[in-house]
Student: 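Below you'll find the structure I mean.
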Amino acid sequence: MNVLECIKTRRSVRKFKSDPVSKDLILKVIEAGTYAATGRNAQSPVIIAVTDKKLRDEISALNAKIYGNENFDPFYGAPVILIVAANKANPTFVYDGSLVLGNMMLEAHELNLGSCWIHRAKQSMDYPLYKDLFAKLGIEGEYEGIGHLALGYIDGEYPETKPRKDGWYYFVE
């Protein structure tokens with residue numbers, strides 16, 4: 001698929017099969033994230049792939065609590081959660097992490113995987129679960145959560161492409 005076609009057909013998926021995703025596919029998605037543009041090529045973001053079901057479920061429960069609905073899986077059953085955080089020492093850290101997530105969503109689509117950007121990563125970083133995870137992985141510095149990426153095989157129909165709104169762009173010639 002060419003790049004524009006991939007961009008035009010990618011959609012957020014909110015229903016995943018519980019089937020595990022191979023490490024090779026996860027690594028391809030992560031690799032796409034590592035090639036995102038970053039301010040001054042500082043490469044401030046980090047990506048943490050969570051495939052351990054126990055930790056995945058703990059992250060889900062914490063995010064459900066932050067969301068305000070503890071009876072809801074904010075990751076829609078996805079077996080993989082990719083956490084993107086970026087070092088606040090870089091003035092473009094939020095944009096850098098956002099581009100990482102965008103690249104990973106496109107690669108997931110190219111690989112016939114579903115993905116959905118889930119917020120609350122910024123709020124999650126204040127909790128011991130995340131602080132302990134970063135410490136365990138040896139990630140030091142002032143990191144802010146940019147987003148989570150729910151990743152897995154799509155359960156059901158792929159969401160349809162909706163028409164684009166008018167007024168997306170303007171020319172000044």
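Bear in mind that the values here come from a model prediction, so they are computed numbers and not experimental data. Values reported hereafter were calculated over all heavy atoms of this structure, with side chains retained and with hydrogens, waters and symmetry mates removed.
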Student: Could you tell me which non-hydrogen atom of Ile154 sits nearest to which non-hydrogen atom of Glu157, and how far apart they are?
Tutor: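 Taking Ile154 first and Glu157 second, the nearest heavy atoms are CG2-O, 4.2 Å.
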Student: Does any non-hydrogen side-chain atom of Pro91 lie less than 4.5 Å from one of Arg40?
Tutor: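 Yes; the side chains approach each other to less than 4.5 Å.
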Student: For the hydrophobic clusters of this structure (ILVMFWY residues joined by side-chain heavy atoms under 4.5 Å, transitively), does one cluster hold both Val46 and Leu129?
Tutor: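 Yes; Leu129 is reachable from Val46 via cluster members.
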Student: Would you say the side-chain atoms of Ser60 pair up with the backbone N or O of Arg56, donor to acceptor, closer than 3.5 Å?
Tutor: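 Checking the backbone N and O of Arg56 against the side chain of Ser60, no donor-acceptor pair under 3.5 Å is found.
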Student: Determine whether Asp57 and Lys53 satisfy the following criterion, salt bridge (Lys or Arg N to Asp or Glu O under 4.0 Å), listing intermediate values before the conclusion.
Tutor: CA-CA 6 Å; Asp57 290 346; Lys53 180 155 176 35; 2.8 Å; yes
Student: Looking at every heavy atom in both Ala49 and Ile26, which two are closest together, and how far apart are they?
Tutor: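 Shortest heavy-atom contact: CB-CG2, 4.2 Å.
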Student: Return the minimal non-hydrogen interatomic distance between Asp126 and Lys131, and the atom names on each side.
Tutor: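 In terms of heavy atoms, the two residues are closest at O-CE, 3.6 Å.
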Student: Test side chain to side chain contact (heavy atoms under 4.5 Å, CB included) on Asn112 and Tyr153 and set out the steps.
Tutor: CA-CA 8 Å; Asn112 293 312; Tyr153 294 103; over 6 Å; no
Student: Take the angle between the ring planes of Tyr67 and Phe72 and call it parallel below 30°, perpendicular above 60°, tilted in between.
Tutor: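 Rings of Tyr67 and Phe72: tilted, 30 to 60°.
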Student: Run the numbers on Phe75 and Ile59 for side chain to side chain contact (heavy atoms under 4.5 Å, CB included), then give the verdict.
Tutor: CA-CA 9 Å; Phe75 299 102; Ile59 290 170; 3.9 Å; yes
Student: Distance check, rounded to the nearest 0.5 Å: Thr161 atom OG1 versus Lys8 atom NZ?
Tutor: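 So the gap between those two atoms works out to 9.0 Å.
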Student: Under 3.5 Å, side chain of Ser12 to main-chain N/O of Cys116, donor-acceptor pair present?
Tutor: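 No, the answer is negative, given that no donor and acceptor are paired below the 3.5 Å cut-off.
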Student: With distance as the sole criterion, is a donor-acceptor pair present between the side chains of Asn90 and Thr92 under 3.5 Å?
Tutor: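 The criterion, which ignores hydrogens and geometry beyond distance, is satisfied for Thr92 and Asn90.
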Student: Has Lys88 got more than 12 heavy atoms of other residues, nucleotides or ligands less than 6.0 Å from its NZ?
Tutor: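 Counting other residues, nucleotides and ligands, NZ of Lys88 exceeds 12 neighbours.
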Student: Any heavy-atom pair between the side chains of Leu27 and Lys23 that's under 4.5 Å?
Tutor: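 Yes - at least one pair of side-chain heavy atoms lies under 4.5 Å apart.
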Student: Between Tyr158 and Arg11, is there a donor-acceptor pair closer than 3.5 Å when you use the side chain of the first and the backbone of the second?
Tutor: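 Such a contact is found between Tyr158 side chain and Arg11 backbone.
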Student: Quick check: is Leu106 connected to Leu99 through a chain of hydrophobic side chains (ILVMFWY, heavy atoms under 4.5 Å apart)?
Tutor: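 Each belongs to a different hydrophobic cluster.
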Student: Between His148 and Val84, is any pair of side-chain heavy atoms under 4.5 Å apart?
Tutor: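 With C-beta onward as the side chain, the pair stays apart.
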Student: Just one of Gln123, Lys122, His119 clears the side-chain contact (heavy atoms from CB on, under 4.5 Å) bar with Ile66, so which one?
Tutor: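 Option passing the side-chain contact (heavy atoms from CB on, under 4.5 Å) with Ile66: Gln123.
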Student: Could you check whether Thr9 and His109, counting side-chain N and O atoms only, form a donor-acceptor pair closer than 3.5 Å?
Tutor: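 A pair is found: one side chain offers a donor N or O, the other an acceptor, under 3.5 Å apart.
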Student: Applying side chain to side chain contact (heavy atoms under 4.5 Å, CB included), run through Leu25 and Leu113 and close with a yes or a no.
Tutor: CA-CA 9 Å; Leu25 289 178; Leu113 294 170; 4.2 Å; yes
Student: Determine the minimum heavy-atom distance between Leu151 and Pro79, stating which atoms define it.
Tutor: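 Taking Leu151 first and Pro79 second, the nearest heavy atoms are O-CD, 3.4 Å.
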Student: When you compare the side chain of Lys28 with that of Glu107, does any pair of heavy atoms fall below 4.5 Å?
Tutor: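 Yes. Closest side-chain heavy atoms under 4.5 Å.
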Student: So, for Cys6 and Met1, which heavy atoms are closest and what is the spacing to 0.1 Å?
Tutor: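 Distance-wise, the nearest heavy atoms are CA-SD, 3.2 Å.
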Student: In terms of relative ring orientation, are Tyr143 and Phe134 parallel, tilted or perpendicular, with 30° and 60° separating the classes?
Tutor: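 The rings of Tyr143 and Phe134 sit tilted, inter-plane angle from 30° to 60°.
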Student: Any side-chain heavy-atom pair from Pro45 and Thr38 closer than 4.5 angstrom?
Tutor: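 Side chain of Pro45 against side chain of Thr38, heavy atoms only: contact under 4.5 Å found.
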Student: A side-chain contact here means heavy atoms from C-beta on lying under 4.5 Å apart; do Met104 and Leu82 qualify?
Tutor: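 Answer yes - side chains close enough.
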Student: Would Ile146 and Phe93 satisfy side chain to side chain contact (heavy atoms under 4.5 Å, CB included), going step by step from the backbone distance to the final call?
Tutor: CA-CA 9 Å; Ile146 306 302; Phe93 74 97; 4.0 Å; yes
Student: Considering all heavy atoms of both residues, which atom of Asn87 and which atom of Ala89 are nearest to each other, and what is their separation?
Tutor: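 It is OD1-N, 2.8 Å.
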Student: Find out whether Tyr76 and Ile118 are in side-chain contact, i.e. whether some heavy atom of one side chain is under 4.5 Å from a heavy atom of the other.
Tutor: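 Tyr76 reaches Ile118 side chain to side chain.
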Student: Main chain of Gly39, side chain of Asp96: is a donor-acceptor contact present, judged purely on distance under 3.5 Å?
Tutor: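 Answer holds: yes.
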